[in-house]
K.L.:
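Mind having a look at this structure? Questions to follow.
No hydrogens, no waters, no symmetry mates; every other heavy atom, side chains included, goes into these values. Just so we're clear, the structure is a prediction, and the values are computed from it rather than from any experiment.
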Number of protein chains: 2
Amino acid sequence: MLHLSLQQGDGVPLYLQLIQQIKHLVATGRLAPDSELPPVRVLAQQLLINPNTVVRAYRELEIAGLVYKRRGEGTYVSSRGTPYTPEECRRILAQKVEALLIEGRHLGFDEEKIIDLVRECESDLQRRARANEGVTI
Amino acid sequence: MLHLSLQQGDGVPLYLQLIQQIKHLVATGRLAPDSELPPVRVLAQQLLINPNTVVRAYRELEIAGLVYKRRGEGTYVSSRGTPYTPEECRRILAQKVEALLIEGRHLGFDEEKIIDLVRECESDLQRRARANEGVTI
DNA sequence: TTCGTTGTATCGAAACTATAATACAAAGAT
DNA sequence: ATCTTTGTATTATAGTTTCGATACAACGAA
């Protein structure tokens, strides 16, 4: 079973929350490559949101290269990586890292503390992925 | 002189861009503690946006603890840190780090590559801060 | 074919963002 | 006290984004 939970009205659009959580599930292995995502309507009903919101999330995930769709069949987790070039990937991530460092500095976290946090979060992700090994939808 | 440039219609609200860029200026030392930010009306005119938009950015920066205001005088960069407790800071950052790791994984960056990127971005920030040392508004 | 499934496209309502105009309040300078 | 400068608050309005209701189109199975 998918563990998705969206919060309405917290400032973050539903479709973005959905994208982030699906990315999370893929990254932690809870959604294996080529496994099928729930149909638009089913997921919409489970989450009590509009099918169009799911459509938008799936479409952007497809653009990002995380899923592929077959009309009349379904939406599947892509087994191939990102469609971006290595340089593009680097630039995209560097922007996010810089934002993180700035935010961290304001919260009293210097470079080393941030790196420590990165290591801890990574361990955490891996541990959670292991605990859910093999569990798809 | 402040180097602020906002882009209208790129999806990111102006007030958020303003917040991010001011955070950036503070983090890189281009805005020193206790230095004065431009008056609401002046900054609005320079950026060709509405004063209310600047008001909103300043207000949220104040809530975040980055600036303080004195009515009738102006808005100043706070010399004290965040108003959050250390645990809150940690939780806020951990969430962002986790999002970064997930994004990185999808883009082919593992933990070590991310950490390398963190070090590089930090150096970059420091270098840029040095190059602008002493330059305020 | 016909049916049921899947994703797609379009339109409208609601919420959010940005703007404008205006009036107000607090502090310092004269 | 008065003026100027600063931030604050209110109201109205337009544009954009987000979300939802509905009808449509492609694909496979019976």
Side-chain angles (χ1 to χ4, degrees), chain A residues 2 4-23 26 31 34-78 136-137, chain B residues 2 4-23 26 31 34-78 136-137:
Chain A
L2 282 174
L4 294 170
S5 77
L6 307 186
Q7 275 188 314
Q8 235 156 346
D10 70 339
V12 183
L14 293 177
Y15 79 97
L16 283 182
Q17 294 184 46
L18 195 48
I19 288 173
Q20 186 176 349
Q21 295 195 24
I22 291 175
K23 279 187 177 180
V26 174
L31 274 174
D34 292 317
S35 62
E36 188 177 355
L37 290 168
V40 169
R41 293 167 182 77
V42 173
L43 187 52
Q45 194 178 17
Q46 286 181 348
L47 296 174
L48 302 176
I49 61 177
N50 193 279
N52 287 340
T53 306
V54 180
V55 166
R56 181 162 184 186
Y58 279 9
R59 190 193 317 135
E60 301 207 7
L61 284 167
E62 183 181 37
I63 292 171
L66 258 81
V67 307
Y68 60 92
K69 290 181 275 196
R70 283 202 292 249
R71 200 189 184 97
E73 296 188 49
T75 303
Y76 306 87
V77 176
S78 177
T136 62
I137 54 174
Chain B
L2 280 175
L4 294 170
S5 78
L6 306 186
Q7 275 188 314
Q8 239 157 342
D10 69 340
V12 183
L14 294 177
Y15 80 97
L16 283 182
Q17 293 184 46
L18 196 48
I19 289 172
Q20 187 178 348
Q21 294 195 25
I22 291 175
K23 278 188 179 180
V26 173
L31 272 174
D34 292 315
S35 63
E36 188 178 354
L37 290 168
V40 168
R41 293 165 181 83
V42 173
L43 187 52
Q45 195 179 14
Q46 286 181 349
L47 296 173
L48 301 176
I49 61 177
N50 193 278
N52 290 339
T53 305
V54 180
V55 166
R56 180 164 184 184
Y58 279 9
R59 190 193 316 136
E60 301 209 6
L61 284 168
E62 183 181 36
I63 292 170
L66 257 83
V67 306
Y68 59 93
K69 291 181 273 195
R70 281 203 292 249
R71 204 188 182 98
E73 295 187 49
T75 302
Y76 306 87
V77 176
S78 177
T136 62
I137 53 175

K.L.:
Should we say atom CD of E62(B) is surrounded by more than 12 heavy atoms from elsewhere, each under 6.0 Å from it?
P.N.:
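Count over threshold, so yes.
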K.L.:
If every non-hydrogen atom of N50(B) is compared with every non-hydrogen atom of A44(B), which pair is closest and at what distance?
P.N.:
C-CB, 3.9 Å
K.L.:
Measure the distance from CG on L37(A) to C1' on dT5(C) and round it to the nearest whole Å.
P.N.:
16 Å
K.L.:
Are Y58(A) and dG7(C) close enough that a side-chain N or O sits under 4.0 Å from OP1 or OP2?
P.N.:
no
K.L.:
Hey, does the side chain of N50(B) come within less than 4.0 Å of dA20(C)'s phosphate (OP1/OP2), counting only N and O?
P.N.:
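Answer is yes, contact under 4.0 Å.
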K.L.:
Categorize Q8(A) for me: base, sugar-phosphate, or nothing, with a 4.0 angstrom heavy-atom threshold over every strand shown.
P.N.:
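It contacts sugar-phosphate atoms only.
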K.L.:
Heavy atoms only: give me the nearest I49(A)-L6(A) pair and the separation to one decimal.
P.N.:
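For I49(A) and L6(A), the tightest heavy-atom pair comes out as CD1-CD1, 3.9 Å.
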K.L.:
Looking across every strand, which nucleic acid part, if any, lies under 4.0 Å from R41(A) by heavy atom: base, sugar-phosphate, or nothing?
P.N.:
base
K.L.:
dC19(D) C1' sits how many Å from R59(A) CZ, rounded?
P.N.:
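So the two atoms are 13 Å apart, to the nearest Å.
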K.L.:
Measuring from atom CG of L18(B) to atom CD of E60(B), what distance do you get when rounded to the nearest 0.5 angstrom?
P.N.:
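Separation between the atoms: 10.5 Å.
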K.L.:
Roughly how many Å is it from CZ in R56(B) to P in dC16(C), rounded to a whole number?
P.N.:
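Going from R56(B) (CZ) to dC16(C) (P), I get 10 Å.
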K.L.:
Starting from the 5' end of DNA chain D, give me the residue, I49(A) or G74(B), whose nearest nucleotide shows up first.
P.N.:
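Closer to the 5' end of DNA chain D: G74(B).
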K.L.:
Taking the side chain of P39(A) as its heavy atoms from C-beta onward, which of dT8(C), dT19(C), dT6(C) lies nearest to it?
P.N.:
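Closest of the options to the side chain of P39(A): dT6(C).
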K.L.:
Under 4.0 Å between a side-chain N or O of Y15(B) and OP1 or OP2 of dA18(C)?
P.N.:
no
K.L.:
To the nearest Å, give me how far apart NZ (K69(A)) and P (dT5(C)) are.
P.N.:
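So the NZ-P distance, K69(A) to dT5(C), works out to 20 Å.
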K.L.:
So with a 6.0 Å cut-off around CD of Q20(B), is the heavy-atom count from everything else above 12?
P.N.:
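Atom CD in Q20(B) is not packed in, count stays at 12 or less.
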K.L.:
Atom CD1 of I19(A) and atom P of dC19(D): how far apart are they, to the nearest Å?
P.N.:
10 Å
K.L.:
Ignoring backbone atoms, establish whether T53(B) has a side-chain N or O less than 4.0 Å from OP1 or OP2 of dT19(C).
P.N.:
yes
K.L.:
Return the value, rounded to whole Å, for the distance between atom CD of Q7(A) and atom C1' of dT18(D).
P.N.:
17 Å
K.L.:
Closest approach to the side chain of N52(B), judged atom by atom: which nucleotide of dT17(C), dT19(C), dA27(C) is it?
P.N.:
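Given the options dT17(C), dT19(C), dA27(C), the side chain of N52(B) is closest to dT19(C).
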K.L.:
Nearest-Å distance, CD (Q45(B)) to P (dT19(C))?
P.N.:
14 Å
K.L.:
Considering only side-chain heavy atoms of R71(A), which listed nucleotide, dC27(D), dG7(D), dA26(D), is closest?
P.N.:
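Closest nucleotide to the R71(A) side chain: dA26(D).
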K.L.:
Nearest whole angstrom, please: distance from the P of dA29(D) to the CZ of R70(A).
P.N.:
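So the CZ-P distance, R70(A) to dA29(D), works out to 12 Å.
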K.L.:
So, is T75(B) near the phosphate of dG7(D), with a side-chain N or O under 4.0 Å from OP1 or OP2?
P.N.:
yes
